[in-house]
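This report refers to the structure that appears directly beneath it.
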Amino acid sequence: MDPVATQQVITETTVDAIPMDFSLWGLFLRADIIVKLVMLGLIFASVWSWAIIFDKWWRFSRIERRADQFERIFWSGRSLEDLYQEMGHRPQHPLSALFIAAMREWRRSQEIVSSSFVGLKERVDKVMQVTISREMMNLESRLLFLATVGSVAPFVGLFGTVWGIMNSFQSIAVSRDTNLAVVAPGIAEALFATALGLVAAIPAVVAYNRFSSQAARIAARMESFADEFSAILSRQLDERS
C-alpha cells in the first residue's frame with residue numbers, strides 16, 4: 001500500500017475521531033434556531049419562576065411570623081381601640097389589614113347616631129369579607145405563572161425534542177449515512193431541550209403546590225379571625241342595646 005495513501009487514511013481517521021463538544025454550551029451553539037428559541041424560553045421561565053419562588057417564600061414566612069405575633073397581642077386582653085391606635089392604620093400582614101378595616105368601619109359607623117346596630121354588624125362583616133378577598137388576591141398573585149410553567153414547560157421541551165430529532169433524520173437523509181456521529185448531535189440537542197423543560201417545570205410545580213397550600217391555610221386563618229372578631233363586636237353591640 002502506498003505510504004502516502006496510508007498516511008492520508010490515518011489522518012482522516014484521526015480527524016474523524018476527534019470528539020465533538022457535548023457540553024451544555026456546545027449543545028446550545030450547535031442547536032437549530034427553533035431549538036435555541038425553545039431553550040431560551042425555558043431558561044427565562046426557569047429564572048423567573050425561581051425569582052417568584054424566593055419572593056413568595058420570604059413573603060409567606062414573614063406573614064406567618066407577624067400573624068403569630070399579632071394574634072398573641074390581640075388575645076392578650078388589650079383594648080381594641082388601643083391596639084387600633086398602636087398599629088397606626090398601616091397593616092403589615094393580612095390579619096392586621098382585616099382588623100384595621102373592621103375597626104375603621106366600626107368607628108365610622110359609631111359616628112352616625114342614627115345607624116342601627118343590625119346594619120353596623122352587617123357592614124363590618126361585609127368589609128371583612130371584602131378585605132379577605134383583596135388580601136388573598138395579593139397572596140395568590142403570580143402563582144398562576146408557576147402553574148403555567150409547571151404544566152406547559154414539559155410540552156415546550158418536548159417540542160424542542162421533536163424538532164431536534166427531525167433535524168437528525170434530515171441529516172441522515174442528506175448524508176445517506178446512518179453512523180451515530182451523524183445523528184448524535186441532533187439527538188443530544190433534543191434531549192437537552194427536554195431536560196430544560198423538566199428543570200423549569202419540576203420546581204414550579206412543587207412551589208405552586210406548597211404556596212397554594214400556605215395561601216389556603218392563611219385564608220382559613222383569616223376566616224376564623226373574622227368570625228371571632230365578629231362575635232366580639234356582636235357582644236359589644238348586645239351590651240349597648
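Reckoned from all heavy atoms, side chains included, excluding hydrogens, waters and symmetry mates. Being a predicted model, the structure only gives us computed values, none of them experimental.
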- Task: Quick one: closest heavy-atom pair of Ala200 and Ala153, and the distance?
- Result: CB-CB, 4.1 Å
- Item | Which atom of Trp57 lies closest to which atom of Phe211, heavy atoms considered | N-CZ, 3.6 Å
- Message: Between Asp55 and Ala51 (side chain of the first, backbone of the second, donor and acceptor by atom type, cut-off under 3.5 Å), is there such a pair?
- Response: no
- Atom CD of Gln129 and atom OG of Ser230: how far apart are they, to the nearest 0.5 Å? 9.5 Å
- In short, Leu139 meets Pro94 closest at the heavy-atom pair CD1-CG, 4.3 Å
- Path from Met222 to Phe60 over hydrophobic side-chain contacts below 4.5 Å: yes
- Pairwise distance CD1(Ile218) to OG(Ser213) - rounded to 0.5 angstrom: 10.0 Å
- Message: Please tell me whether Phe145 and Tyr208 form a close aromatic pair, meaning their ring centres lie under 6.0 Å apart.
- Response: no
- Task: Show the numbers, then the answer: is there a side-chain contact (heavy atoms from CB on, under 4.5 Å) between Val149 and Trp48?
- Result: CA-CA 10 Å; Val149 171; Trp48 186 244; over 6 Å; no
- Query: Measuring from Met128:CE to Thr131:OG1, what's the distance to the nearest 0.5 Å?
  - Reply: 8.5 Å
- Message: Could you check whether any side-chain heavy atom of Glu81 comes within less than 4.5 Å of a side-chain heavy atom of Met103, counting everything from C-beta outward?
- Response: yes
- Item | Value rounded to 0.5 Å, distance of CD in Gln69 from CZ in Arg72 | 5.5 Å
- Query: Can you tell me how far the CZ atom of Arg221 sits from the CD atom of Glu223, to the nearest 0.5 Å?
  - Reply: 14.0 Å
- Task: Can you see which heavy atom on Pro203 is nearest to which on Leu198, and at what distance?
- Result: CD-O, 4.1 Å
- Hey, could you give me the CG/CZ distance between Asp68 and Arg65, rounded to the nearest 0.5 Å? 9.5 Å
- Note on the structure: On a heavy-atom basis, the closest approach of Asn138 and Lys56 is O-NZ, 3.7 Å
- N/O donor-acceptor pair under 3.5 Å between Thr161 side chain and Gly157 backbone: yes
